[in-house]
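Here is how names work: the chains are called A, B, and so on, in the same order as the sequence lines, proteins then strands, and each is numbered from 1. Just so it is clear, the model here is predicted, and its values are computed rather than measured.
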Amino acid sequence: MPVRDLLAGRRRGGVPADLWATCRKCGAMHYRPEFEAGLHVCTRCDYHDRLTVGQRLDLLLDDAGSFQELAGDVLTSDPLNFSRPSGRYPDRVAKAQESTGRSEAVVCGVGHIQGHEVAVGVMEFGFIAGSMGGAAGERIARLFELAHERRIPLVMVTSSGGARQDEGVFALMQMAKTTAAAARLADAGVPYIALMADPTLAGVTASFAAVADVIIGEPGATIRFAGSRVVQGTLSRRAQADDHTAEWVLRRGMIDAVVPRRDQRRTIGRLIELLAPARASRRAEIGDTARTRLG
Amino acid sequence: MPVRDLLAGRRRGGVPADLWATCRKCGAMHYRPEFEAGLHVCTRCDYHDRLTVGQRLDLLLDDAGSFQELAGDVLTSDPLNFSRPSGRYPDRVAKAQESTGRSEAVVCGVGHIQGHEVAVGVMEFGFIAGSMGGAAGERIARLFELAHERRIPLVMVTSSGGARQDEGVFALMQMAKTTAAAARLADAGVPYIALMADPTLAGVTASFAAVADVIIGEPGATIRFAGSRVVQGTLSRRAQADDHTAEWVLRRGMIDAVVPRRDQRRTIGRLIELLAPARASRRAEIGDTARTRLG
Amino acid sequence: MLDFERDLDELRSRIAELEAESDLDSASDVLRQLELMQLELEARTADVFSRLTPWQRVQLARHRDRPHTLDFIERMIDGFVELHGDRRHGDDMAVVGGVGSLQGRRVVIVGHQKGRGTRQNVERNFGMAHPEGYRKAIRLFQLAARFGLPVITLLDTPGAGPALEDEERGQSWAIAESMAVLARLETPIVVAVIGEGGSGGALAMGVGDRILMLEHAIYSVASPEAAAAIIWRDSKFAERAAEALGLTSEVLYAADLIDRIVPEPPGGAHRDYDATAESLTAALVEALDELQAIPPTELVTERYAKFRAMSAHVESSPDEVVVDGSGVVPEDRHGL
Amino acid sequence: MLDFERDLDELRSRIAELEAESDLDSASDVLRQLELMQLELEARTADVFSRLTPWQRVQLARHRDRPHTLDFIERMIDGFVELHGDRRHGDDMAVVGGVGSLQGRRVVIVGHQKGRGTRQNVERNFGMAHPEGYRKAIRLFQLAARFGLPVITLLDTPGAGPALEDEERGQSWAIAESMAVLARLETPIVVAVIGEGGSGGALAMGVGDRILMLEHAIYSVASPEAAAAIIWRDSKFAERAAEALGLTSEVLYAADLIDRIVPEPPGGAHRDYDATAESLTAALVEALDELQAIPPTELVTERYAKFRAMSAHVESSPDEVVVDGSGVVPEDRHGL
Ligand SMILES: [Zn+2]
Ligand SMILES: [Zn+2]
């Protein structure tokens, strides 16, 4: 490990923090190179740790390098002139942009999974808790519309605390907007697969994520309607640590499967193969048109 | 009371049975003329006693005398050459026909409710426990098709133990046949209202009855999937007397309302008024055609 | 009785006392005094209500005497038949719905239903719908479309039920499905926020062609208390959250997120149910009559465009979204 | 081991013993003896199975070693992805389903799933689906139609769950809705009764364009035990009920209630899973390929006609159904 990394690492009890990864779920310590080689999965409790958009694209796409971003210049505005103790909203956005290297809490675009051209959206929890405001909602809606126009399957990886409070009802309405866009895609017979990663909460669970044709959960991911602070508050009486995991919602019939990270690309690829509407023949009609239009 | 009636009545403890009606639910004894004036409703427990087809049509239609029966000549056959300890199937049918004065366990036709022309089907529990065999299924399917063709609302009054065992899989298939006919009516935008009377069980509950647009239960009616003898057998562990009443299934979200007998015609009439597709205008287009075709 | 109502109420009591003491034969100066006090009450009411803070609006929207869905149905709908149940799990008392007619127009009307008093509030779960409530609503929406009836929804909920049993039965899935169904429902839909428009629990029934809002109703991404808990990590900052969230009808109308503010009688909806219902009826009838003229498929297209346009975002280089070297989002959609 | 299998099994054991004792170098008379015994086994199997009573067929259909839905999926479907849950209440283990390909044809396949052994049987509720099982199936049927995939259903259940909790969640409603959805599903549907086709619980997933039935499967209006309880008021008359109910594939084929009997290997499906799966695959593929050529809306029309024709009734004066003075049922429908 280079000295500058050691110095950069925050230290805990004398251990260079960056050299060790602590499981968010069970607290187990993992030697970081091994943890990363194991796709950020806890070997003790099987919790699948949060990934950055970059890590996720690497894992999901055949070739993350050829991913083409859509609507990357759609950025947040500050409709309510919102301010929190932790800072003005635009400053918080700027800080999130800086720390994540992403311009919003969701990155959308086109890539390939197991050889299939796919519309892909990945949420970045590191960006203001992956919250959905107007810009994120706009990007997601455009992604659904792109998949619709080009008749290519859509894959969304969700990780979000819900609607972004700082945009008030503007953020709330993104639930309706993205859900309506997803519903139109379903009517068009184009498959949409959601991969719910840790955590998928509130306004994201209860909108475009829940209406996917097939929903896959990541092991250990928290999936819930109530936001985390709401649950810590007075409203829910008996929520427990093990409630609301992917495994829990699977038992309750809400998702189709819990799939470990190492198998996700293959499983999603297979689902696309099985659900995509007669690709071979349609490609000639629609795919080519889209490609022509796209240059 | 004429002497011949007194003689005809079976006697219980010296009381002429016909002079008194015993509540099937709570055992209360009611002076029959009062009981009948009260529409066969128990004044103690509000149980709505079973009615004959004739009584039901009197209660439901504006003018039972102008009821026109449909497919009354569709009669049961004996596809399995079935025999029970209680007799050969055709003999049991003949006996039922004699005792009820009806040719099958369901009587279908056209009448008027609150001035609306309506396709009406009424099941006769006294006819082999209101069971549905091929003839009943055929009559019901034709009724749905008649309502479809003439675009008139349909009202079904159910009271049945389920599929008629004596016809084996022929009887079972009536579930699919009648449900499919009801589904087609729904697709055509013609309202279908079911009135579940005591008892509505098994193959009738789980077919055309359950897919009605609006389902009304009669107070105290038993409504259930499992047939009565199945429940008395080993399969259901904790069924209790009060389970599976109309009130119970209402609380569980399965029916729309429990409506007392005295209000049923008005409620159904109002529902037809509200749901019937633009009758005034359509009548000219479709109603007249149907009327022409019907002479 | 809210703080800011107290002062008005004292005046109101004095008028009532004076009225009780006086009679038709009272001296004309007593009658004149009464008239003056009436005028003063009106002026002071107008004054107080013109200066309400967002937090006071929240309190009004939640006023225990505020008319709820069934109060409106009773006054607006003729021949109402309540329809119960989701045909799957239960009959949620926090959502009521049925068929009836509004000034001669056949409608399906569905709304959140709050209770009054402890017993009713428990029964109605404080207006917080369970999943089966949304599924009942979905069933009624589909019934409406099947028979060509327009849909009216009345929004009045602190939010969807957040209890463990709500999670168990898929609260998120029920809400999302309700929005998805409404988004494509081929019949006119008019939404009216009548009290608390609380978050996703309200929006679940809030996707429509026209969004009306009673003057003192609120509509919010989260309850002020929840937002305070999220933002200030302390629900005591609810008043401040109410100010920050932009939840009043005026803010939302200015932001184009709602279509119309429906005026309430002086002193708020709870001062005069009949007048409020009349005001809402007029607005609903106008909206329905406009929509009735539009073909259902077109309604769905316009409804999509309406919600599609609800956003607040900027594009660093508009009209140039680069995928594969050229724009994929047609220019004509940027306006949405 | 069923009674009538015991005799065959003794012979089978003796063959196995002799085979174990002998080797490649054994005297040719030993080998000849073995061969003769093999032939005898085959002949006796054929004989026993040609004379099976309906009750014995019931026992075969319920044989604890009989292949179940997942055994078939494992052998017939490539790249199967199981999809879980009804998105409303739970994931019923008594119904399994998912997507995969059958000899290169993309399909949605759904079936009842029985367990083996106590633990599995409890988990799978003995193959008796709960309402959420049918609702999962409905979801998958609709998914199939959305993406233009044909549906295969495998029927193998004693009947739908009759417990109080099944009633609570609307067992009747789930079954009826499943039939209503299948009746109108715009995609080919092939039904195969693979074991016990028990009453409405089986028929819920049994509405399709082609109804296949494994040779020794049964399909019945009620389980023989339930029918015996209803008819003789004693479930001990099950054997007699089995005879009376007409539940074998031959009877149903003769009655035109099923379209095709799928042969099982000698000794029954449980003797050779692979051969049974191959036999079923061939029948499914043939049915699918026939149906694939028919436009979906036509499929729905023909499917309706198919079930519409399933009856056994007489008309005292055919073609004269009198309403308002003239016939309402068009003549061309009498043939259905
Ligand atoms: Zn761990
Ligand atoms: Zn009684």
Peer 1: Taking side chain as C-beta onward, heavy atoms only, is L201(B) less than 4.5 Å from S172(D)?
Peer 2: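 No, their side chains stay 4.5 Å or more apart.
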
Peer 1: Apply side chain to side chain donor-acceptor pair (under 3.5 Å) to R210(D) and list each qualifying residue two or more places apart in sequence or on a separate chain.
Peer 2: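 For R210(D), the residues satisfying side chain to side chain donor-acceptor pair (under 3.5 Å) (neighbours in sequence not counted) are E290(D).
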
Peer 1: Which residue out of A135(B), A181(B), S103(B) racks up the most heavy-atom pairs below 4.5 Å with chain D?
Peer 2: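 Most heavy-atom pairs under 4.5 Å with chain D: A181(B).
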
Peer 1: Check side chain to side chain contact (heavy atoms under 4.5 Å, CB included) between T53(D) and all other residues, then give those that pass, not counting sequence neighbours.
Peer 2: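 Partners of T53(D) by the side chain to side chain contact (heavy atoms under 4.5 Å, CB included) criterion, ordered by chain and then number, come out as W55(D), Q56(D).
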
Peer 1: Run the side-chain contact (heavy atoms from CB on, under 4.5 Å) test on M179(D) and K177(B) for me, step by step, so that the C-alpha distance in whole Å, both residues' side-chain angles and the decisive distance to 0.1 Å come before the verdict.
Peer 2: CA-CA 9 Å; M179(D) 291 191 294; K177(B) 176 168 134 183; over 6 Å; no

Peer 1: Heavy-atom distances under 4.5 Å only: say whether F82(B) touches chain D with side chain, backbone, both or neither.
Peer 2: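 Just the side chain, heavy atoms under 4.5 Å.
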
Peer 1: Mind checking what makes side chain to side chain contact (heavy atoms under 4.5 Å, CB included) contact with A160(D), not counting sequence neighbours?
Peer 2: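 Side chain to side chain contact (heavy atoms under 4.5 Å, CB included) list for A160(D), sorted by chain: F225(B), Y134(D), Q171(D), I175(D).
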
Peer 1: How close do A227(D) and Q165(B) get, counting heavy atoms only, and between which atoms?
Peer 2: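 Nearest heavy atoms, A227(D) then Q165(B): CB-OE1, 3.8 Å.
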
Peer 1: Where is the tightest heavy-atom contact between V221(D) and G168(B), given as atom of each residue plus distance?
Peer 2: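 Heavy-atom minimum between the residues: CB-O, 3.3 Å.
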
Peer 1: Do you know which two heavy atoms are closest between W232(D) and S83(B), and how far apart they sit?
Peer 2: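 Taking W232(D) first and S83(B) second, the nearest heavy atoms are CZ2-O, 4.4 Å.
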
Peer 1: Please flag which part of A312(D) lies under 4.5 Å from any non-hydrogen atom of chain B: side chain, backbone, both or neither.
Peer 2: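 Backbone plus side chain of A312(D), per the 4.5 Å heavy-atom cut-off to chain B.
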
Peer 1: Can you give me the closest heavy-atom contact between V169(B) and S220(D), atom names plus distance?
Peer 2: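 Closest approach of V169(B) to S220(D), heavy atoms only: CG2-CA, 3.9 Å.
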
Peer 1: Just how far is it from atom CD of E145(B) to atom OH of Y304(D), taken to the nearest 0.5 Å?
Peer 2: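 So the CD of E145(B) and the OH of Y304(D) are separated by 3.5 Å.
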
Peer 1: Specify which of P85(B), A202(B), P79(B) makes the most heavy-atom pairs with chain D at under 4.5 Å.
Peer 2: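 Among P85(B), A202(B), P79(B), the one with the most close pairs to chain D is P85(B).
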
Peer 1: Which residues in residues 244-253 of chain D have any heavy atom closer than 4.5 Å to a heavy atom of chain B?
Peer 2: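 Within residues 244-253 of chain D, the residues under 4.5 Å from chain B are A244(D), L245(D), G246(D), L252(D).
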
Peer 1: For the candidates R184(D), R169(D), E177(D), which exhibits the highest count of non-hydrogen atom pairs separated by less than 4.5 Å from chain B?
Peer 2: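 It is R184(D).
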
Peer 1: Under 4.5 Å from any heavy atom of chain B, what part of V207(D) do you find: side chain, backbone, both or neither?
Peer 2: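 V207(D) touches chain B through side-chain heavy atoms alone.
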
